[in-house]
Amino acid sequence: MNKPPLHFTARAQLCRNPLAKLLFTLMDEKQTNLALSADVTTTAALLKLADQLGPEICVLKTHVDILDDFTPACIDTLTQLAQQHRFLLFEDRKFADIGNTVKHQYAGGLYHIATWAHMVTAHSLPGPDIIKGLAEVGVQYGRGLLLLAEMSSTQHLMDPTYIQQTIAFAEQYPEFVIGFITQHKLSSQPHWLYFTPGIKLQKGSDSLGQQYTTPEMAIIDQDCDIIIVGRGILQASDPVAAAKQYRQRGWEAYCQRLKYSKPLA
Ligand code: 5BU
């Protein structure tokens with residue numbers, strides 16, 4: 001018994017969270033499922049990447065706490081560039097504390113993440129009230145949460161039981177959780193978004209436990225939706241050309257997946 005794969009626009013209709021709907025629609029309209037991991041340490045480099053690579057991407061992922069010269073003005077310019085080039089902002093904060101603490105980390109501090117980041121990440125390790133705490137801040141801004149189900153790093157502790165529990169927590173907050181960071185599709189429910197980091201043009205690893213798979217393996221073999229690429233683009237001699245190449249590989253993989261029906265999980 002085969003089930004035809006749904007395209008992103010069809011999946012958008014099934015989302016309860018408006019941000020997930022927007023992202024699914026944006027990907028089909030812009031024809032890109034590439035997320036740039038803009039892991040640079042100066043605001044000038046971040047804004048240059050956002051401007052040059054913005055036309056190629058659906059999402060720009062940040063780690064604002066690695067910027068040496070963070071200012072609120074940088075966020076204003078980043079937000080303008082996101083509107084101009086039509087991409088969403090994703091702060092990969094990986095919240096991991098009790099609900100009350102993460103509320104403050106999300107809303108306040110130096111970065112006021114909730115005021116500008118369309119989506120953020122959190123660990124499910126502390127239990128479901130981490131989601132409740134973040135939702136108390138994020139829902140009013142129309143934000144979305146991605147739970148870390150499975151990391152790309154070697155010897156991570158996210159075993160199948162942990163992953164199943166993470167999905168169960170997500171299901172308790174469908175108005176706020178939009179999907180997962182994962183190496184493979186986790187559910188037959190089509191409204192979840194699956195983001196996959198650890199992507200390069202060839203399989204491999206770095207010297208600090210990162211493991212790389214290819215766009216085709218993530219999108220076709222593992223049924224994920226969005227490829228997250230950092231150093232594959234940032235360390236290329238021509239980052240714009242590299243981004244175009246990853247965009248093409250990611251999008252063609254998605255189009256190829258749509259042609260095939262897979263047995264139901
Ligand atoms: P890279 O340069 O493409 O290896 O960067 C990958 C990015 O994705 C980097 O910002 C990591 O913090 C992020 N990441 C990851 O690599 N693996 C994970 O499991 C998660 C996030 Br969650």
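We count ligands from 1, going down the list as the structure has it; atoms in each ligand are counted the same way.
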Short list, please: which atoms of ligand 1 are under 4.0 Å from a heavy atom of Asp39? 5 (O), 7 (C), 9 (C), 10 (O)
Glu56 bridged to Lys30 by N-O distance under 4.0 Å: no
Just need the protein heavy atom nearest to atom 4 (O) of ligand 1, so name the residue and atom and give the distance. Tyr212 OH, 2.6 Å
Counting only heavy atoms, which portion of His156 has something under 4.0 Å from ligand 1: side chain, backbone, both, or neither? neither
Counting from 1 in the order shown, the ligand 1 atoms closer than 4.0 Å to a non-hydrogen atom of Lys94 are 12 (O), 20 (C), 21 (C), 22 (Br)
Under 4.0 Å from ligand 1, counting heavy atoms only, is it the side chain of Met151, its backbone, both or neither? both
Which atoms of ligand 1 sit under 4.0 Å from any heavy atom of Arg231? 1 (P), 2 (O), 3 (O), 4 (O)
Describe, in one word, how the ring planes of Phe87 and His85 are oriented to each other, choosing from parallel (under 30°), tilted (30 to 60°) and perpendicular (over 60°). parallel
Give a yes/no on ligand 1: does Gln235 have at least one heavy atom closer than 4.0 angstrom to it? no
Between the candidates Thr62, Leu147, Leu148, which shows the shortest non-hydrogen contact distance to atom 22 (Br) of ligand 1? Leu148
Glu150 to ligand 1: N or O pair under 3.5 Å? no
Heavy atoms only, cut-off 4.0 Å: how does Ser152 contact ligand 1, side chain, backbone, both, or neither? both
Rounded at 0.5 Å granularity, tell me how far CE in Met151 sits from CD in Gln183. 9.5 Å
Nearest neighbour in protein (non-hydrogen) for atom 12 (O) of ligand 1: His63 NE2, 3.0 Å
What protein heavy atom lies closest to atom 14 (N) of ligand 1? Include the residue and the distance to one decimal. Pro197 CB, 3.8 Å
Identify the protein heavy atom lying closest to atom 7 (C) of ligand 1, giving its residue, its atom name and the separation to 0.1 Å. Ser37 OG, 3.4 Å
Any idea which protein heavy atom is nearest atom 3 (O) of ligand 1, and the distance to it? Gly230 N, 2.9 Å
For the pair Asp65 and Arg93, find out whether any cationic side-chain nitrogen is under 4.0 Å from an anionic carboxylate oxygen. no
Give the atoms of ligand 1, by number and element, whose distance to some non-hydrogen atom of Gln210 is under 4.0 Å. 4 (O), 6 (C), 15 (C), 16 (O)
If you measure from each non-hydrogen atom of Asp92 to ligand 1, which part falls under 4.0 Å: side chain, backbone, both or neither? side chain
Between Lys200 and ligand 1, which residue portion shows a heavy-atom distance shorter than 4.0 Å: side chain, backbone, both, or neither? neither
Student check: side-chain heavy atoms of Leu88 and Leu19 closer than 4.5 Å: yes
Just jot down the ligand 1 atoms closer than 4.0 angstrom to any heavy atom of Ile181, in number order. 22 (Br)
side-chain hydrogen bond (donor to acceptor under 3.5 Å, both in side chains) assessment of Gln211 paired with Ser205: CA-CA 4 Å; Gln211 304 178 107; Ser205 58; over 6 Å; no
Compute the shortest N/O to N/O distance between Ser153 and ligand 1 and return yes if it is under 3.5 Å, no if not. no
Would you indicate whether Gln140, at its atom CD, is surrounded by more than 12 heavy atoms from other residues, nucleotides or ligands within a distance under 6.0 Å? yes
Using a strict 4.0 Å threshold on nitrogen-to-oxygen distance, state whether Asp206 and Arg231 make a salt bridge. yes
Would you say the ring centroid of Tyr106 lies under 6.0 angstrom from that of Phe95? yes
Between CG of Leu148 and NZ of Lys94, what distance do you get to the nearest 0.5 Å? 6.0 Å
Does Arg257 pair with Asp225 as a salt bridge, N-O distance under 4.0 Å? yes
Is the shortest heavy-atom distance from the side chain of Phe70 to the side chain of Ile75 under 4.5 Å? yes
